[in-house]
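The structure under discussion appears below in the form of structure tokens.
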Amino acid sequence: MSQKGRPDGRKRRVRQSLREYARGIAGGLLFSLPLLYTMEVWWAGFVARPPRLLGYFLVGFLLLFAYNRYSGLRRDASWLEVAFEAFEEMGLGLVLSVLMLWLLGQIQTSMPMSEIVGKVVVEGVTAAIGISVGSAQLGGSGEDDGQGMGAGKGQKDDPDTGLAAQLVLASCGAILFASNVAPTEEIVMIAAEASRWKVLGLALFSLGLCALVLFYSGFRGSDRLIPDKDQGWIAMLSRTVVNYAVALAASAFILWFFGRFAGLSAAACLAQTVVLGVAGALGASAGRLLLQSSSS
Amino acid sequence: MSRVEKNRLEWAVFGVGLVLVLGTVGFLAWDAAQGGGSPPDLSVSLGSPERRAEAWAVPVTVRNRGEETAEGAHVEVVLELPDGTREEAEIDFAFVPRGSKREGWVQFLHSPASDRLTGRVTGYEQP
């Protein structure tokens, strides 16, 4: 579909945008529903202090922005357009969280503003990333041409496979997957009960998982998105390690946000990070490939 | 700078999004600037007793005026009877977030005259 063929230039019709928003909302719910139905997440909304909530919100917003920039569908979009999209998606994410939390009875008018805002922020960030992923990835090919919000281009070019894109998309995947299990008590329990050898085993398992998904399983998009696939085992090893490092960093960030590190020894914190890192590694490898592969 | 092309719906959604994001950041920043993180500060107030089928129910309200959330707040309410004996009732609140209140009921077998009722928080965790 060429841009010149459209009477209104790059603008799209309202009906097209509506369909895209609907797709985004479906995606947002798909990724954030487990969090919306988890009480530890509601608690985090009022237990976390405002500076921590602010940090979480800003990191989430940056990640959303970076995902839009690097997801491979909108690479000709300007930074300004990408920023505008991030505002649209975060706004939708917050509205969706308010609606769902109210329907689930978790926000009420009698609550103080700080509690309501806290709960909405904690749920809204994941919902917004889900909305971004949903609007970009859930569309079928056809007249809507599977574009993300705000971008009006017709053809897809080769996806960005540079280090920045790799890191950003792996972080998005890791956070989307890991945040679904991170707030639960089970992570603390598993980490406290596991022996050192089991923790080591989980770390090796996660590394193996990254390598399998990225290089051996013929995962959707892996041939296009991993250009150095045939460059020998050093390139493969470094990519696997980078992937797992991103997974661990994302896991540690989420655990810190949910206050899981308070008063614990470094070894206990590391054990929790490794336990959650299994989900993170899955997200950073398989999740990332799904997030970046275009819907065609 | 390149132009941003959007239709009216997209501009509206962007506008709402901009207001919500800036509002959220603004509120959190303002809220962060307010408090120095003082520990939970709980107080109990009791309402007037109501007759129920098998007991007298007394409404209990716990307020947290501190800057931190209290977890597992345990409240004890004591009724002093005219003959000198005491009847005790207890209630737990899973969470009392900062700046908010939580409500519940305790029940007594004897009719409570409100001047003989006392309630206090006996303990809580800091999550």
Side-chain angles (χ1 to χ4, degrees), chain A residues 8-18 20-21 39 42-58 61 77-81 83-95 98 110-115 117-121 124 128 149-152 259 262, chain B residues 1-41 61-73 93-104 124-127:
Chain A
D8 52 356
R10 289 167 61 113
K11 271 195 231 178
R12 283 166 308 149
R13 286 189 295 276
V14 170
R15 208 180 107 254
Q16 272 178 311
S17 322
L18 266 179
E20 203 171 87
Y21 288 140
M39 56 189 178
W42 312 328
W43 297 341
F46 55 73
V47 169
R49 306 267 316 132
R52 187 174 292 197
L53 281 172
L54 188 61
Y56 183 76
F57 188 70
L58 292 178
F61 192 74
S78 69
W79 286 99
L80 195 66
E81 277 179 297
F84 273 53
E85 269 172 55
F87 277 105
E88 279 179 44
E89 288 159 357
M90 188 56 90
L92 281 176
L94 292 174
V95 170
V98 169
S110 64
M111 291 174 179
M113 197 61 184
S114 57
E115 185 179 347
V117 171
K119 284 178 177 169
V120 171
V121 163
M149 288 173 193
Chain B
M1 194 194 292
S2 63
R3 292 190 311 146
V4 176
E5 299 275 8
K6 287 180 180 298
N7 62 38
R8 267 176 298 175
L9 176 70
E10 287 173 337
W11 277 117
V13 172
F14 168 71
V16 172
L18 187 71
V19 168
L20 283 177
V21 170
L22 294 183
T24 305
V25 169
F27 178 81
L28 288 175
W30 171 81
D31 203 12
Q34 294 292 303
S38 61
D41 179 6
T61 306
V62 179
R63 277 194 179 74
N64 183 357
R65 292 187 177 83
E67 294 286 329
E68 301 267 1
T69 297
E71 182 175 357
F93 293 90
F95 283 98
V96 188
R98 64 200 179 93
S100 50
K101 60 175 185 179
R102 288 287 188 267
E103 288 165 339
Y124 50 83
E125 272 181 79
Q126 198 164 318

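Note that these values count all heavy atoms, side chains included, but never hydrogens, waters or copies made by symmetry. None of these values were measured; they are calculated from a predicted model.
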Kindly indicate whether the side chain of [X], heavy atoms from C-beta on, has any atom under 4.5 Å from the side chain of [Y].
| X | Y | answer |
| --- | --- | --- |
| B:Glu68 | A:Arg49 | yes |
| B:Ser100 | A:Met111 | no |
| A:Ser17 | B:Asn7 | yes |
| B:Ser38 | B:Arg65 | no |
| A:Ser114 | B:Glu67 | no |

* Which bit of B:Ala29 is near chain A, if near means a heavy-atom gap under 4.5 Å: side chain, backbone, both or neither? ->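 Contact with chain A involves both backbone and side-chain atoms of B:Ala29.
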* **Which portion of B:Phe27 sits near chain A, non-hydrogen atoms under 4.5 angstrom** =>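 For B:Phe27, the contact with chain A is made by the side chain alone.
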For [X], is it the side chain, the backbone, both or neither that has a heavy atom under 4.5 Å from a heavy atom of chain B?
| X | value |
| --- | --- |
| A:Leu58 | side chain |
| A:Val14 | both |
| A:Leu54 | both |
| A:Val117 | side chain |

* To do: For A:Trp42 and A:Lys119, work out which heavy atoms get closest and say how close.
  =>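 Minimum heavy-atom contact is O-CG, 3.6 Å.
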* **When B:Val19, B:Val16, B:Leu22, B:Thr69 are compared by non-hydrogen pairs under 4.5 Å with chain A, the top option** =>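 Option with the top pair count is B:Thr69.
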